[in-house]
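Everything on this sheet refers to the single structure shown next.
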Number of protein chains: 2
Amino acid sequence: MTKREHLQVGLTVDLAVLTVREGILQALVIERGNDPYRGRDALPGGFLRAGEGLREAAARELGEETGLDGGALHLEQLATYGAPARDPRGRVVSVAYLAIAPDLPIPAAGSDARSARWAPVEKVHGALAFDHSDILGDAVERARSRLEYTTLATAFCGDVFTIGDLRKVYEIVWGTPIDPRNFSRKVTHTEGFILPTGARRLPETGRPAALYRRGPAQALIPPLLRTAT
Amino acid sequence: MTKREHLQVGLTVDLAVLTVREGILQALVIERGNDPYRGRDALPGGFLRAGEGLREAAARELGEETGLDGGALHLEQLATYGAPARDPRGRVVSVAYLAIAPDLPIPAAGSDARSARWAPVEKVHGALAFDHSDILGDAVERARSRLEYTTLATAFCGDVFTIGDLRKVYEIVWGTPIDPRNFSRKVTHTEGFILPTGARRLPETGRPAALYRRGPAQALIPPLLRTAT
DNA sequence: GCAAAAGTGTTCTTGGTACACCCATGG
DNA sequence: CCATGGGTGTACCAAGAACACTTTTGC
């Protein structure tokens with residue numbers, strides 16, 4: 001408000017990309033190639049560029065560092081982290097985004113990627129560079145909450161999926177077992193959550209399961225609440 | 001990640017301060033004294049200072065511009081706004097905070113305040129400087145949602161309040177009437193939402209109402225959902 | 001025909017909604 | 001005694017939770 005020059009800060013965009021893979025919740029991490037925290041795992045991210053919007057920057061970094069298409073998967077702003085000493089290079093504020101991806105074969109190593117890989121959230125949480133463990137913790141909590149009130153769970157699945165696949169997403173992200181019968185009724189009775197494709201999938205053993213596709217609904221009304229732990 | 005200088009941006013903290021006053025939802029606005037947008041209403045806010053955390057900056061600005069005690073009222077990070085052209089002065093990213101205040105006498109004009117005042121949300125929404133109308137819209141939606149799942153409604157009330165006061169908060173923020181009987185049972189049966197003080201308040205006319213104080217509960221379980229309009 | 005997973009139906013209980021009456025005070 | 005808002009009780013209904021059996025496939 002006064003006419004003196006105001007503090008200028010570096011602004012990064014960091015991504016917490018979550019997926020369900022091999023039966024556990026995993027996050028995309030990269031191994032840092034430069035100081036600070038060289039050799040440590042961190043969330044993918046990078047500096048904002050001139051003329052670029054925040055979401056735009058998040059999608060770009062995702063593509064550059066991991067080869068994932070930022071436009072194709074769910075991407076939402078999570079929170080902004082700006083503790084004065086969070087980055088030893090100087091004053092850097094980070095806008096964190098939460099991304100949800102299906103179980104993709106392997107993140108393709110992009111031009112800027114040193115060693116992007118999926119890692120179990122349980123394993124890396126607490127071991128990340130900067131304040132990225134805080135960000136990851138907040139991201140997981142946001143994802144858990146989103147499953148209650150939105151149809152976001154389908155973003156963890158591929159184009160087509162069974163009700164059992166969807167239920168496993170809930171069980172793995174929430175870490176609690178869910179009654180298959182009640183779950184099935186719930187998702188099939190919620191208008192626009194999932195749409196039957198008519199096709200079926202043959203498991204290794206057992207009865208074939210009907211395949212579904214994401215429906216148009218965004219909100220889950222009424223919500224699917226996790227019971228108090 | 002490369003060694004070239006990265007883009008530096010100005011970083012502001014803006015506040016959407018909401019209260020219920022004279023039976024309607026109001027927001028704290030200031031009239032801008034400088035260009036750009038001189039003379040237009042805007043949300044209170046200002047630039048981050050060196051060595052200062054984001055929340056700390058929000059509390060400071062709140063005190064400076066309005067005389068409200070940022071430490072005393074509910075303050076939560078809302079979202080971050082960084083569209084490239086949102087500020088004509090240059091690249092400025094804003095971290096927005098949502099604050100909830102009880103119906104205070106009048107915001108005291110602080111040292112930096114030009115003309116802080118309460119204004120009906122309906123009136124100023126769409127007429128604010130920068131992208132502050134977007135921020136205010138998001139803030140109102142966040143507050144509405146918070147009333148469903150948390151005990152935040154008590155932050156709109158003073159130290160002591162009646163169940164009728166609390167119900168009016170819900171009715172005004174949501175814009176829908178609520179059944180007084182069911183509401184009363186709901187809030188008194190939710191453990192830790194409100195605590196009886198034993199005192200009573202005499203209205204202008206009618207039976208005295210019991211007074212309550214905020215309880216320790218943060219979450220509202222089960223939630224108090226607004227029925228689909 | 002056996003193992004494995006999918007799919008369906010019923011009961012019970014909880015919580016939400018709708019609704020009508022009595023109570024305590026000031027004027 | 002009347003107007004005004006505070007406080008309570010009850011019937012009904014929707015939704016979640018708990019629970020057992022049948023179906024379809026591969027082997």
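Only a predicted model underlies this, so the values are computations on that prediction, with no experimental measurement involved. Below, read A as the first sequence line, B as the second, and so on, with proteins coming before strands; counting in each chain starts at 1.
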Check: protein-nucleotides 9-15 of chain C nitrogen or oxygen pairs below 3.5 Å:
{"residue": "C:dT10", "atom": "O4", "partner": "A:Arg185", "partner atom": "NH1", "Å": "3.4"}

Using the 3.5 Å cut-off, write out each protein N or O paired with an N or O of nucleotides 1-5 of chain C and the distance between them.
{"residue": "C:dA4", "atom": "O4'", "partner": "A:Thr205", "partner atom": "OG1", "Å": "3.4"}

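Partners of B:Arg40 according to the side-chain contact (heavy atoms from CB on, under 4.5 Å) rule, which considers only residues two or more places apart in sequence or in another chain, are B:Tyr37, B:Ala129. With sequence neighbours excluded, the residues that form a side-chain contact (heavy atoms from CB on, under 4.5 Å) with A:Pro196 are A:Tyr212. B:Pro120 is linked by a side-chain contact (heavy atoms from CB on, under 4.5 Å) to B:Ile24, B:Gln26, B:Lys123, counting only residues two or more places apart in sequence or in another chain. Here B:Asp69 pairs with nothing under the salt bridge (Lys or Arg N to Asp or Glu O under 4.0 Å) rule; sequence neighbours left out. In this structure B:Arg142 satisfies the side-chain hydrogen bond (donor to acceptor under 3.5 Å, both in side chains) test together with B:Glu76, sequence neighbours excluded. Residues passing the side-chain contact (heavy atoms from CB on, under 4.5 Å) test with B:Pro223 are A:Leu225, B:Tyr149, B:Leu225, sequence neighbours excluded.
For the residue pair A:Asp138/A:Tyr81, the side-chain donor-acceptor check at 3.5 Å is satisfied.
DNA chain C is contacted by no residue of residues 147-174 of chain B, taking any non-hydrogen atom closer than 4.0 Å.
Each of B:Leu147, B:Leu152, B:Val140 was scored for a side chain to side chain contact (heavy atoms under 4.5 Å, CB included) with B:Val173, with one residue passing: B:Leu147.
Straight-line distance from the CD atom of A:Glu204 to the P atom of C:dA6: 12 Å, rounded to whole Å. Taking atom CG of B:Leu225 as the reference point, atom P of D:dG16 lies 11 Å away to the nearest angstrom. With rounding to whole Å, A:Ile221 atom CD1 is found 13 Å from D:dG16 atom P. Taking atom CD1 of residue B:Ile178 and atom C1' of nucleotide C:dG16, one finds them 13 Å apart after rounding to whole Å.
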N/O donor to acceptor pairs below 3.5 angstrom from side-chain atoms of residues 155-162 of chain A, sequence neighbours left out:
{"residue": "A:Thr162", "atom": "OG1", "partner": "A:Gly164", "partner atom": "N", "Å": "3.3"}
{"residue": "A:Thr162", "atom": "OG1", "partner": "A:Asp165", "partner atom": "N", "Å": "3.0"}
{"residue": "A:Thr162", "atom": "OG1", "partner": "A:Asp165", "partner atom": "OD1", "Å": "3.4"}
{"residue": "A:Thr162", "atom": "OG1", "partner": "A:Asp165", "partner atom": "OD2", "Å": "3.4"}

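Taking the screw axis at each terminus of the helix from C:dG1-D:dC27 to C:dG27-D:dC1 from five consecutive base pairs, the angle between the two is 10° to within rounding of 10 degrees.
Identified under the side chain to side chain donor-acceptor pair (under 3.5 Å) test for residues 184-193 of chain A, with sequence neighbours left out: A:Asn182-A:Arg185.
Of the inter-residue distances, the one linking B:Leu136 atom CG with B:Asp41 atom CG reads 11.0 Å to the nearest 0.5 angstrom. Note: A:Arg226 CZ to A:Ile178 CD1 = 11.0 Å, rounded to the nearest 0.5 Å. Separating the CD1 atom in A:Ile172 from the CD atom in A:Glu22 is a distance of 11.0 Å, to the nearest 0.5 Å.
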